[in-house]
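Beneath this line is the structure, given in structure tokens, with notes to follow.
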Amino acid sequence: MHIRSEDTVEVITGDDRGTRARVLRIDKRSGKLLVEGVNRVYKHVRRSEKNRQGGRLSKEMPVQISNVLLVCKSCSAATRTGARLLGDGSKERFCKKCGAGLGQISPGKKRATKK
Ligand SMILES: [Zn+2]
């Protein structure tokens, strides 16, 4: 999984194509993520005890991870990411367009020298 919550992603398919928004939640098991304001559905609600007004409730539905691209913080392009090993044995994500590092994805194997 190359996307984490709080990342900014761009939607590349569907009605929300081109939308950039923040990732709210990730479901690793199903490979889906919840993106702020994306894939919104409206649920029509009848007046009831719980909801006296009735009307429409909007709710975001999860999108497939393959339908979004990570937005690079340094070149701000929607980009594919790669993973690379660093000198200390840790792995980081990087932007395939500009090569900027986008945060560590796994810690180093050896003990870190700095605490
Ligand atoms: Zn970049």
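Just follow the structure's listing: the first ligand is 1, and inside any ligand the first atom is 1.
- By the 4.0 Å N-to-carboxylate-O rule, Arg40 lies too far from Asp15 to be salt-bridged with it.
- For the pair Cys95/Leu102, a side-chain contact is recorded, criterion being any heavy-atom separation below 4.5 Å from C-beta on.
- More than 12 heavy atoms of other residues, nucleotides or ligands shown are found within 6.0 angstrom of CZ on Arg84.
- Contact check for Val63 versus Val68: side-chain heavy atoms found under the 4.5 Å cut-off.
- Ile3 and Val11 fall within the same hydrophobic cluster, where Ile, Leu, Val, Met, Phe, Trp and Tyr residues are linked whenever their side-chain heavy atoms come under 4.5 Å apart, directly or through other members.
- With rounding to the nearest 0.5 angstrom, the SG atom of Cys75 is 7.0 Å from the NZ atom of Lys97.
- Distances shorter than 2.8 Å separate the Zn ion (ligand 1) from the protein N/O/S atoms Cys72 SG, Cys75 SG, Cys95 SG, Cys98 SG.
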